[in-house]
Amino acid sequence: MFEILKTLTLVFSFFNSAYALNQYASITCTSSFCKTALDPCLKCYGVTQCKKCISTIEQDCFPCADEIYTSKNITIGKNQYQMCSGINDLSSKICHLYCRGYFHYTGMCNILNDIPVCHCSDITNPYPLTTMSSSLNVNIKIHNNYTISPKEEPVKIKGLPNGNLAFGNSEIFILNVLKDQIELNLSSNLYSIQAMDIEMNGNLVILSTFESLVNILNLQKTNETVENFNLTGFCLKVLENNNLAICQDSEVKIVDILDGSQKFSLIGHENTVTCVEDLEDNLIASGSRDGSIKIWNYENGNLIQDYTLSNSSVTSLRYLKNGNLVSGHSEGTIKVWTKSGDLAFVINGHSNAVSSLASLNSRYLVSGSVDRYFKIWDLDRQSEIFNHQSRPIYGVEYFGNGFLAVSSHNQIDIWEIHF
């Protein structure tokens, strides 16, 4: 009797394991023509590109492309993994394409705790399935990505007060990230959008370099232009008094947001002003290709502080809630400045220009670079805790509900970050 029960238990265990494997076996990719269609796409990058590659080579394999990126997550320890069907050639190809879809270098189906799962890996990123070390009490994973047009221009991004995201390079899209849904498509009639920011009342302010035009759009009413006026500039910032700061050659123009009239110019840089950042107490910081950062009072135009750095251009600025100011530079360094203007420390973070900075809080900082990496830094430890390589990065934006947007040419990636 005992032997019979033992045999039945082994049989049940076998069928249970077989069911677990069959449950995650591919249904739509097993045909010979779909197996063949996977091979030319093994170097694809991003879900959209990978799906398009497979379905372009073999139109009937679109269900296969869709199935590869269908979530089949399982939690092992403190990490999540995508389940696969077992150690075989097809399963490994599917895992590799799944990992490439989420911007990993390679992937394969491995056995972990007796469970077949996709293991993604990078040359420079040791974190499995884009999950940070849990000892840091922070974790990050890819949420989704969006390709907005074939136009090869950097996508500008701006988080909105309601937790949505505005992005675009000619047309403007308003994305509800929680629903993965585009709620508005705003035809702003602008081309080569250079910068975006938000007014206190929620209106979206857009600067176009091609037409030398500032457009102010009411996001509550599709395509309603509240105001537009002619202004040239490289960067834009809405100030606390609801005026605009516009970078214009080596000056910063303070402009009335109601009619575009100039109030005064902040003059002092010796080369192009590349970035501006709103601080506290009516102060603004400007960074320039001349290698300096200047702090101004935008109510009266007075120069308050002047940080003369080096021949390295200032390419980005970010103000932290603890009063520190962070600057990114053309040679890839990141510098942290105290409120008194002292240089606290320098991080040798990138191999090329730091194009954008975002603050998760006063401790964690995100940097994006044209060296194709975005990285997350623990400023308390002055150490890197996460990096990811994709394409040259032109913007990073941390916004509502714990999401991080990373923008490049005609695409944005949305990441989930949890503390």
Side-chain angles (χ1 to χ4, degrees), residues 16-32 34-55 57-58 61-134 138-145 180 374 386-391 404 406 411 413-418:
N16 192 47
S17 299
Y19 172 75
L21 291 177
N22 290 333
Q23 184 181 10
Y24 297 103
S26 174
I27 299 172
T28 58
C29 299
T30 53
S31 63
S32 59
C34 282
K35 288 179 182 178
T36 304
L38 299 183
D39 290 331
C41 300
L42 294 177
K43 292 185 178 180
C44 66
Y45 227 35
V47 172
T48 302
Q49 185 189 110
C50 292
K51 282 186 176 182
K52 185 176 180 180
C53 177
I54 296 167
S55 56
I57 291 171
E58 182 56 65
C61 293
F62 179 80
C64 167
D66 209 39
E67 183 193 354
I68 289 173
Y69 301 101
T70 300
S71 177
K72 304 171 184 176
N73 287 342
I74 184 171
T75 300
I76 301 176
K78 294 185 177 181
N79 293 324
Q80 275 198 329
Y81 296 87
Q82 176 84 344
M83 289 195 70
C84 50
S85 61
I87 309 301
N88 57 66
D89 185 56
L90 176 60
S91 187
S92 288
K93 285 181 182 178
I94 289 173
C95 279
H96 177 80
L97 286 165
Y98 173 83
C99 294
R100 295 288 295 187
Y102 292 107
F103 306 109
H104 286 284
Y105 183 76
T106 188
M108 61 190 303
C109 187
N110 284 334
I111 301 297
L112 183 63
N113 291 357
D114 297 324
I115 300 172
V117 295
C118 291
H119 181 77
C120 302
S121 63
D122 287 323
I123 294 174
T124 55
N125 183 4
Y127 306 106
L129 198 58
T130 64
T131 300
M132 287 187 192
S133 169
S134 57
V138 182
N139 60 72
I140 178 171
K141 64 179 181 179
I142 192 72
H143 176 77
N144 213 333
N145 58 69
D180 285 326
F374 85 85
F386 179 82
N387 71 66
H388 183 79
Q389 182 183 20
S390 55
R391 300 159 303 279
L404 174 71
V406 180
Q411 184 167 316
D413 301 326
I414 307 295
W415 296 76
E416 294 181 42
I417 298 181
H418 302 286

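Quantities reported herein were computed from a predicted structural model and do not represent experimental measurements.
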*Of all the heavy-atom pairs spanning T28 and C64, show the shortest one and how long it is.*
OG1-CA, 3.1 Å
*asked:* I'd like to check V117 versus I74 (side-chain heavy atoms, cut-off strictly below 4.5 Å). Are they in contact?
replied: yes
*asked:* So which atom in I94 and which in C29 form the shortest heavy-atom distance, rounded to 0.1 Å?
replied: CD1-CB, 4.2 Å
_Taking the two cysteines C95 and C118, do their sulfur (SG) atoms come closer than 2.5 angstrom to each other?_
yes
*Starting from the C-alpha separation in whole Å, work towards a yes-or-no answer on disulfide (SG to SG under 2.5 Å) for C50 and C41.*
CA-CA 7 Å; C50 292; C41 300; over 6 Å; no
*Using 30° and 60° as the class limits, which term best fits the ring planes of F386 and F374: parallel, tilted or perpendicular?*
tilted
*asked:* Can you tell me how far apart CG (N144) and CD1 (I414) are? Round to the nearest 0.5 Å.
replied: 8.0 Å
*Between T70 and Q82, what is the shortest heavy-atom contact and its length?*
O-NE2, 2.8 Å
*Using a 4.5 Å cut-off on heavy atoms from C-beta on, say whether the side chain of L90 contacts that of K35.*
yes
_Looking at D39 and K93, is any side-chain nitrogen of the basic one under 4.0 Å from a carboxylate oxygen of the acidic one?_
yes
_Just so I know, are the side chains of Y69 and K51 near enough to count as touching, which here means a heavy-atom distance under 4.5 Å?_
yes
*CD1 on I54 to CD on E67, rounded to 0.5 Å*: 10.5 Å
*Measuring from H119:NE2 to I111:CD1, what's the distance to the nearest 0.5 Å?*
13.0 Å
*Could you verify whether a donor N or O on one side chain and an acceptor N or O on the other, from D413 and H143, lie under 3.5 Å apart?*
no
*For residues I68 and Y98, report the shortest heavy-atom separation together with the two atoms involved.*
O-CD1, 3.4 Å
_Nearest 0.5 angstrom please: C109 SG to H96 NE2, how far?_
14.0 Å
_To the nearest 0.5 Å, what is the distance between CG on N139 and CH2 on W415?_
12.0 Å
_Measuring from atom OG of S32 to atom CD of E58, what distance do you get when rounded to the nearest 0.5 angstrom?_
9.0 Å
*Is M83 close to I115 at the side-chain level, that is, under 4.5 Å between some pair of heavy atoms?*
yes
